[in-house]
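For reference, the structure discussed in these notes is given below.
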Amino acid sequence: MSSEAENKTPGKDFIRAKIDAQIKEGLDASTIQTRFPPEPNGYLHIGHAKSICLNFGIAAEYGGKCNLRFDDTNPVKESTEYVNGIMEDVRWLGFDWGPKVFYTSDNFDFLYEAAEKLILAGKAYVDSQSADDIHKTRGTLTEPGKNSPYRDRTPEENLALFRRMRAGEFADGTQVLRAKIDMASPNVVMRDPVLYRIRHTHHHRTGDKWVIYPMYDFSHCVSDSLEHVTHSLCSLEFENNRELYDWTLENLGMFPSKQTEFARLNLDGTVLSKRKLIQLVTEKYVSGWDDPRLPTIRGLRRRGYTPEAIREFAARIGVARADSRVDYALLEFCIREHLNRICPRLMAVLDPIKITVENYPEGQVEWFDMPLNPEDPAMGSRKVPFSRELYIERDDFMLEPPSKFFRLAPGREVRLRYAYYITCKDARRDEAGNVTELICTYDPDSKGGGTPDGRKVKGTLHWVSAQHAVKAEVRLYDRLFTQDDPDDMPAGKTFLDAINADSLKVTEAYMEPALAGYKPDSRVQFERIGYFCVDKDTAPGRQVFNRVVGLKDSWAKEVKKA
RNA sequence: UGGGCUAUCGUUCAAUUGGCAGGACGAUGGAUUCUGACUCCGUUAAUCUAGGUUCGAGUCCUAGUAGCCCAGCCA
């Protein structure tokens, strides 16, 4: 059993429960310090959002602080572009890291001095073996490693060598600084881990000042400690590194930050590893980091997700130590729940079929005033034109309807939302038998959508006036992968083999005129269809909408069953 | 006989430390409805296995089983 299980308070996740217990034992809540420490080598995804919400959330709840720290110790992978992108994403998610941004690279001088201290204390040495030899002598998971022939160099010798490393006298890969711990440790991480390596590479912040760079295991704990991080929260794969984290701070005599691990997020139908996301972007399987099919923060943002929905999602998935994979339906639930509250509701037809209302006067147009959201009158209203020729959704008509179908069919009466009742008199067909046009009549007494005799209709359809319809491009998205877990493919297959060829469908919508007024980033509900977000690709005269998520559709389920 | 970690409804997170296994999502039935949406009500369904301790075990003990992480000069 893990020691984390002790002293839990019920209902809370194990981390917050442990903090409660620590406070009970005297911890001053205002000293609680967390940090979100991304490496700027890619953009953030929803898995990071979980960590961000956890770290910033805990700081806010307990009256502590959370730092944003860029873990920028490997210059070959990192860039300012990513630093800026990450800050933008964290801010968009709604979190504030205060006036100071932290960088591990700001601690390079301190880290160097700390390394010299370890050398002087006989706890670190310069190893001149090749990377290959270091690998070979590390041992295996079941066998101990062998000591390096350079392990017993004197502190003076090591110090001189280390200073020459820093001075740039050695080529990349020829020397490393290693901690002198135990080559026989059952924990492979403790077998004389590398602390510093040589990299003659330009760093995005320190430029060419350094040619040696500290490793994660050395720099992360020291940076935590310098920031007085009390709760260093990271994902489960760092469990094995905790022993080295503690060793380093102890041997340096520094503030004892403590690491706690939790399970990272896995989400059905997508990948959440930076390596794979980078591959999807660079090899053009998607249009970019902000492709609306991607689980990146900017992808979700462009798709039309809101920060509120993502934060709600993070709260609902919880925090635990067990590996898990979350149902995509939960994310969709969260965005629907928020968009349902905030979106105006308008009408657009995605797959039109024409209706001619034969008893409606030719050339007549009526403008109906319709509420933008009947559940929230404060949203106001808009004007919608009605005329003799209309479009409705092709799915809303059936020649030979099954019993449970209560939309339009020959002889059937339905309501056109907020307008009139219409009855289908005839369905015109082409040679192939496809329905091309519906001939209907309307009941003038049903104006506004009700009748004096109070008769009921089963169906209410959305519609647009053909002559007033505004066309727009609509992008319909499906999951990017066909498998729930694209990371777990059969032998010989990779996650790329699971890419869904139909993850994007582009179509043309016929919209009521008011919809043309919405600018990029606006989110609306297309009644009876789903939530849509105006895309940044929108140009004058050519709107582009992304489908954020469809409405729940119990009729579609019914059809599927049949 | 390498070490570390994990195991509860289909999914996910709980269970006041040994006292009626609960919530959410999903699924499903119904009510309501000018969105087959929303909302409301109901139903469904779980303690990895085998022993043991105990009046009582998800929780403690013993032995198993399954899964995840670690052999980067990545983080």
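Just so it is clear, the model here is predicted, and its values are computed rather than measured. Proteins get letters first, then strands, A, B, ... in listed order; numbering begins at 1 in each.
- Remark: A/Thr73 is not in phosphate contact with B/C74, judged by side-chain N or O atoms under 4.0 Å from OP1 or OP2.
- Partners of A/Asp369 by side-chain hydrogen bond (donor to acceptor under 3.5 Å, both in side chains), not counting sequence neighbours, listed by chain and number: A/Ser381, A/Lys383.
- In this structure, A/Arg191 has no salt bridge (charged side-chain N to carboxylate O under 4.0 Å, His left out) partners at least two apart in sequence or on a different chain.
- Shown for residues 138-146 of chain A: residues whose heavy atoms fall under 4.0 angstrom of RNA chain B, namely A/Arg138, A/Gly139, A/Thr140, A/Leu141, A/Thr142.
- With sequence neighbours excluded, the residues that form a salt bridge (charged side-chain N to carboxylate O under 4.0 Å, His left out) with A/Glu558 are A/Lys404, A/Lys561.
- Listed by chain and number, the residues in a side-chain hydrogen bond (donor to acceptor under 3.5 Å, both in side chains) with A/Asp132 are A/Lys136 (sequence neighbours excluded).
- A/Thr201 meets the side-chain hydrogen bond (donor to acceptor under 3.5 Å, both in side chains) test with no other residue; sequence neighbours excluded.
- Looking at heavy-atom distances under 4.0 Å, A/Ala131 makes contact with a base.
- Within the structure, side chain to side chain donor-acceptor pair (under 3.5 Å) contacts touching residues 445-456 of chain A (residues at least two apart or in different chains) are A/Glu366-A/Lys447, A/Glu413-A/Arg455, A/Asp443-A/Arg455, A/Thr451-A/Asp453, A/Asp453-A/Arg455.
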Worksheet, complete the sentence: Intra- and inter-strand pairing of RNA chain B, written as dot-bracket with Watson-Crick and G-U pairs under 3.5 Å and | for the latter, reads .((((((..((((.....[..))))((((((.......))))))...(((((..]....))))))))))).....

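- Ring centroid separation for the pair A/Phe14 and A/Phe262 does not come in under the 6.0 Å cut-off.
- With ring centers used as reference points, A/Tyr82 lies 6.0 Å or more from A/His204.
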Show each protein N/O and nucleotides 25-33 of chain B N/O combination with a separation under 3.5 Å, one pair to a line.
from: B/A27; atom 1: OP1; to: A/Lys557; atom 2: NZ; distance (Å): 3.0

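- Counting only residues at least two apart or in different chains, ring-ring contact (aromatic ring centres under 6.0 Å, His included) contacts with residues 442-464 of chain A comprise A/Tyr360-A/Tyr442, A/Phe386-A/Trp463, A/Tyr420-A/Tyr442.
- The stretch residues 168-180 of chain A touches RNA chain B through A/Gly173, A/Val176, each having a heavy atom within less than 4.0 Å of the strand.
- Residues satisfying the side-chain hydrogen bond (donor to acceptor under 3.5 Å, both in side chains) test with A/Ser225, not counting sequence neighbours, are none.
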